[in-house]
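Down below is the structure, laid out as structure tokens.
Since we're looking at a predicted model, the values are computed, not measured. Whatever order the structure lists them in is the order used to number ligands and atoms, beginning at 1.
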Amino acid sequence: MDQIPKHIAIIMDGNGRWAKERGKARTKGHFEGVKRVRDIAIYAKEKGVKCLTLYAFSTENWKRPTTEVSYLMSLPKYFFGTYMEEIMANDIKIEMIGERKNIPIAALEIFDKAIENSKHNKSMILNFAMNYGAIDEINEGIKKYTNEVLKGQRENDLKGDEFSAYLFTSSLPKVDLMIRTSGEKRLSNFLLYQLAYSELYFTDVYWPDFDHKEFDLALDDYKKRQRRYGGIDES
Ligand code: FPP
């Protein structure tokens with residue numbers, strides 16, 4: 001087993017509780033969370049991770065008060081405005097998965113520019129899941145697949161994990177490790193198909209407190225695990 005996971009996916013949870021415990025507004029927690037996105041992305045790249053997918057906004061997050069939704073949608077502007085130079089210096093390629101519809105145009109334009117400017121970078125992909133929901137993603141994939149079959153472009157002979165080609169993550173490596181911060185032990189509609197064989201790591205630490213040391217703990221835990229994909233350990 002590779003010691004360093006190639007693809008890590010993170011549910012960055014606990015921003016609101018982090019802020020509440022400090023008597024601050026929830027948005028302060030998100031603001032601190034953005035700084036961790038920068039820190040962990042650069043650290044993951046230094047550790048040799050090839051792809052980092054972050055759950056930045058779920059299809060369920062629209063249910064939050066409009067002020068919080070607007071704040072979350074303003075974060076790409078702050079993030080890329082503040083850190084794009086460092087992202088380029090670290091040879092990090094930006095990508096985005098999720099449904100573009102409903103994301104404000106201003107945020108989309110900022111993402112598109114970052115994606116375009118970093119498209120030749122090779123050290124690590126930093127993939128933002130924005131307006132992402134795995135159930136919607138699977139529904140869309142089923143529609144694409146069915147259309148191809150109905151048009152006679154392919155046989156109705158799907159096997160193994162071939163369906164992964166119909167998901168937003170089709171060009172990305174398999175997810176080796178999923179981390180969720182803040183003590184919740186749910187997948188919350190995140191990468192449901194892609195996590196079929198992934199290692200899952202849950203920590204009580206809130207995302208704004210998830211620093212290099214906490215990331216190392218997750219990597220150490222991953223290294224200790226044996227992934228057998230349902231087979232037997234032959235070592
Ligand atoms: C969950 O915490 C966190 C989010 C819904 C937002 C996460 C987004 C970021 C950290 C920044 C994204 C950055 C960019 C550039 C788009 P919560 O609010 O649900 O916390 P709680 O469960 O304690 O209330």
Side-chain angles (χ1 to χ4, degrees), residues 8-45 52-88 90 92-100 102-118 124-134 168 178-191 202-211 214-215:
I8 300 181
I10 308 184
I11 302 180
M12 309 178 288
D13 200 6
N15 294 349
R17 278 163 285 165
W18 182 92
K20 196 171 173 210
E21 282 183 8
R22 285 158 181 79
K24 296 178 177 176
R26 292 177 55 80
T27 48
K28 285 280 176 224
H30 297 313
F31 182 65
E32 203 57 33
V34 179
K35 298 191 226 162
R36 289 304 86 68
V37 170
R38 175 251 173 229
D39 298 345
I40 294 300
I42 293 174
Y43 193 55
K45 176 243 153 182
L52 181 67
T53 295
L54 302 178
Y55 207 4
F57 193 92
S58 77
T59 46
E60 287 74 29
N61 286 153
W62 295 110
K63 292 182 209 142
R64 296 188 175 205
T66 41
T67 46
E68 185 169 343
V69 169
S70 305
Y71 186 79
L72 288 169
M73 287 298 168
S74 76
L75 293 180
K77 183 173 179 198
Y78 175 78
F79 179 79
F80 292 114
T82 313
Y83 303 123
M84 195 59 194
E85 260 181 51
E86 273 186 289
I87 287 169
M88 296 304 287
N90 280 279
I92 293 172
K93 183 178 180 187
I94 301 298
E95 294 194 8
M96 186 171 84
I97 55 170
E99 285 288 349
R100 290 174 67 90
N102 297 331
I103 299 179
I105 300 280
L108 281 180
E109 281 176 357
I110 283 159
F111 264 109
D112 287 344
K113 197 169 144 205
I115 291 166
E116 176 62 27
N117 290 342
S118 66
M124 188 187 79
I125 294 170
L126 175 57
N127 179 36
F128 287 92
M130 284 293 292
N131 193 20
Y132 173 88
F168 297 142
M178 196 285 305
I179 298 171
R180 181 171 191 151
T181 60
S182 93
E184 307 293 346
K185 293 180 182 69
R186 292 185 295 272
L187 294 182
S188 299
N189 204 12
F190 187 47
L191 304 175
F202 299 96
T203 171
D204 288 341
V205 168
Y206 295 146
W207 175 250
D209 289 329
F210 193 82
D211 56 12
E214 294 299 334
F215 190 74

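Between H30 and L75 there is a side-chain heavy-atom pair separated by less than 4.5 Å. Annotation: side chain of N131 is in contact with side chain of T59 (closest heavy-atom distance under 4.5 Å).
Under the 4.0 Å criterion applied to side-chain N and carboxylate O atoms, E184 and R17 are assigned as salt-bridge partners. One finds a salt bridge joining K35 and E32 here, because a Lys/Arg side-chain nitrogen approaches an Asp/Glu carboxylate oxygen to under 4.0 Å. Salt bridge status for R180 with D13: present, with a side-chain N to carboxylate O gap under 4.0 Å. Using a cutoff of 4.0 Å between basic side-chain nitrogens and carboxylate oxygens, R100 and D112 are scored as salt-bridged.
Of all protein heavy atoms, the one closest to atom 24 (O) of ligand 1 is R26 NH1, 2.9 Å. When only non-hydrogen protein atoms are considered, atom 13 (C) of ligand 1 lies nearest to F128 CE2, 4.2 Å. Here the heavy atom of the protein found nearest to atom 6 (C) of ligand 1 is A56 O, 3.6 Å. The protein non-hydrogen atom at the shortest distance from atom 15 (C) of ligand 1 is F79 CB, 3.4 Å. In terms of protein heavy-atom proximity, atom 10 (C) of ligand 1 is nearest to N15 ND2, 3.5 Å. Ranking protein heavy atoms by distance to atom 1 (C) of ligand 1, first place goes to M12 O, 3.2 Å. Closest to atom 4 (C) of ligand 1 among all protein heavy atoms lies H30 CE1, 4.0 Å. Considering only non-hydrogen protein atoms, atom 19 (O) of ligand 1 sits nearest to R64 NH2, 2.7 Å.
Classified by interplanar angle (parallel below 30°, tilted 30° to 60°, perpendicular above 60°), the ring pair Y55/F190 is parallel.
Residue W207 places no N or O, backbone or side chain, under 3.5 Å from any N or O of ligand 1.
Aromatic ring centroids of F128 and F111 lie under 6.0 Å apart. For F31 and F79, the distance between ring centers is not under 6.0 angstrom.
Residue contacts with ligand 1, taken as heavy atom pairs separated by less than 4.0 Å, involve N61 solely via side-chain atoms from C-beta onward.
Residue contacts with ligand 1 include G14, since one or more of its heavy atoms lies under 4.0 Å from the ligand.
Proximity to L72 (heavy-atom distance under 4.0 Å) selects the following atoms of ligand 1: 6 (C). Here is the list of ligand 1 atoms found below 4.0 Å of a heavy atom in G16: 17 (P), 18 (O), 20 (O), 21 (P), 23 (O), 24 (O).
Summarising the contacts of atom 21 (P) of ligand 1 with R38, K77, R17, M96, the nearest heavy atom is found in R17.
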